[in-house]
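Below is one structure, written out as structure tokens; the observations come after it.
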Amino acid sequence: MPELPDVEVFRKYLGKTALCQSIVKVEVFAEDILDDLSQKQLQSQIEGHQFESTERHGKYLFTRLSDNSWIVFHFGMTGYFDYFKDADWPPKHTRVLFSFDNGYHLAFVLQRKLGRLALTEHINSFVKKQGLGPDALDKSFNLRAFKKAVTGTRSSIKSALMNQERIAGIGNIYSDEILFQARLNPKAKASRLSNQGLKMLFRAVKEVLETAIDSGADPRKMPQHYLLPRRERGAKCPICHGEIATMKISGRTAYFCPKCQST
DNA sequence: ACATTGACCTGAGAGC
DNA sequence: TGCTCTCAGGTCAATG
């Protein structure tokens, strides 16, 4: 699940649960998800401290420690947080477990080990090192910046939207939703979009991501005219009631309505 | 040089 | 029931 809206929901979840609790213990159950650091380093950096604030850039979540360094979470395709009280059995696939002095625990859960945990001194340097583009919901990411990010490539508009070096935060399913709301074909060449098309697309980016966050990133709570809850074979388009189709674009499955998104 | 594919992991679900 | 095959909301290195 974890694209920008999901990570934003995780950020809020952390804010309501584990924030500002003293961390008494850190356990790592899968050292291979640690990025350039050992379990020992992580423990000495974190134990006795607390998560003091949170930030997000694209699909990355940052939590600040009292020494002003940051822990970086990336959720891969299957990651999430689980804050719970009973210590006896952490959730299946818990890769890192933080325990607090109030008796609660925060599990960083990854079924597939495609997520990451890292440490960084500054968010900006991490973002730069990863080569991430501007966050899709950042205020300064305006129409002008969007045009710059999305044009100047020979690839399809869907690939361009998903490219984290161009825009940070949009993945496979939200690129589909954005293109559906903008009534644009996923295969359309990014460089061929009209000014009007780019404007509509930009609006769709902001609107879809904000709406998804407001829905708690839960497809069941999204508006009726959204494609997202209908990502299955044989589903009907919420606009024209035609059949939803799929195609492969840069290795990912795109869902779209051939009628509403013909160009 | 740039864009696309395969590898990385661990299941879930379909089909036989 | 159990086996095999395909697919999954991400990224990176290798390939064309």
Side-chain angles (χ1 to χ4, degrees), chain A residues 1-11 28-36 56-61 72-81 91-96 107-118 126-133 135-136 149-180 186-192 205 208-209 211-213 215-222 226-235 244-256:
Chain A
M1 41 169 98
E3 298 181 35
L4 187 153
D6 311 275
V7 177
E8 182 61 18
V9 169
F10 298 157
R11 192 182 74 79
V28 178
F29 302 116
E31 201 154 13
D32 47 336
I33 67 140
L34 302 183
D35 217 1
D36 287 329
R56 185 190 52 70
H57 188 105
K59 303 172 189 174
Y60 290 85
L61 176 62
V72 186
F73 293 92
H74 189 277
F75 297 87
M77 287 176 95
T78 58
Y80 62 94
F81 283 141
K92 204 173 179 186
H93 305 123
T94 295
R95 307 304 183 181
V96 179
F108 179 41
V109 185
L110 305 166
Q111 184 203 98
R112 303 163 70 187
K113 295 198 273 185
L114 302 176
R116 283 278 167 280
L117 195 151
F126 181 86
V127 166
K128 202 168 181 182
K129 195 191 81 186
Q130 288 292 318
L132 299 176
D135 181 84
V150 147
T151 51
T153 173
R154 281 175 286 163
S155 62
S156 68
I157 185 58
K158 179 172 168 73
S159 299
L161 286 174
M162 289 194 297
N163 186 334
Q164 302 301 297
E165 296 182 22
R166 295 182 174 278
I167 309 168
I170 301 169
N172 193 33
I173 71 158
Y174 284 102
S175 61
D176 281 354
E177 188 65 58
I178 288 162
L179 289 164
F180 179 71
K187 274 236 168 80
K189 291 288 172 200
S191 57
R192 298 259 182 79
V205 167
V208 165
L209 297 177
T211 301
I213 292 168
S215 312
D218 182 346
R220 292 167 305 178
K221 293 181 185 150
M222 287 182 199
Y226 269 42
L227 180 65
L228 228 150
R230 299 174 176 77
R231 284 180 77 82
E232 53 196 68
R233 240 182 20 166
I244 294 301
T246 64
M247 59 184 168
K248 286 276 180 200
I249 296 183
S250 32
R252 316 301 301 279
T253 304
Y255 286 74
F256 72 110

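Order of the sequence lines sets the chain letters (A, B, ...), proteins ahead of strands, with each chain counted from 1.
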For A:Leu4 and A:Ala136 the tightest heavy-atom approach is CD1-CB, 4.0 Å

May I ask you to decide whether A:Asp6 forms a salt bridge with A:Lys59, counting only side-chain N to carboxylate O separations under 4.0 Å? no

Measure the shortest side-chain to side-chain distance between A:Phe108 and A:Leu117 over non-hydrogen atoms and say whether it is less than 4.5 angstrom. yes

Looking at A:Phe73, A:Phe126, A:Phe75, which one forms a side-chain contact (heavy atoms from CB on, under 4.5 Å) with A:Tyr60? A:Phe126

Could you measure between the two P atoms, the one in C:dC3 and the one in B:dC9, and give it in whole Å? 24 Å

In this structure, which stretches of DNA chain C are paired as stems of three or more consecutive Watson-Crick or G-U pairs, both distances less than 3.5 Å? B:2-8 with C:10-16, B:10-16 with C:2-8

Separation between the P atoms of B:dG6 and C:dT6, rounded to whole Å: 14 Å

When the P atoms of B:dG11 and C:dC12 are compared, how many Å lie between them, rounded to an integer? 23 Å

Mark yes or no for whether A:Glu177, through its side chain, and A:Leu227, through its backbone, hold a donor-acceptor pair below 3.5 Å. yes

Going 5' to 3' along DNA chain B, which nucleotides are the first and last within contact of chain A (any atom under 4.0 Å from a heavy atom)? B:dC2 to B:dG11

Between CG on residue A:Leu209 and CD1 on residue A:Ile167, distance to nearest 0.5 Å: 9.5 Å

How would you summarise protein contacts on nucleotides 9-16 of chain C per nucleotide, using B for base, S for sugar-phosphate only and - for none, with heavy-atom distances below 4.0 Å? BBSS----

What's the spacing between A:Gln164 CD and A:Asp135 CG if we round to 0.5 Å? 10.0 Å

Heavy atoms, side chains only, cut-off 4.5 Å: are A:Gln130 and A:His57 in contact? no

A:Thr253 side chain to A:Lys248 side chain, donor-acceptor N/O pair below 3.5 angstrom: yes

Give one of base, sugar-phosphate or nothing for A:Thr78, where a contact means two heavy atoms less than 4.0 Å apart. nothing

Do A:Glu8 side-chain atoms and A:Arg56 backbone N/O form a donor-acceptor pair below 3.5 Å? no

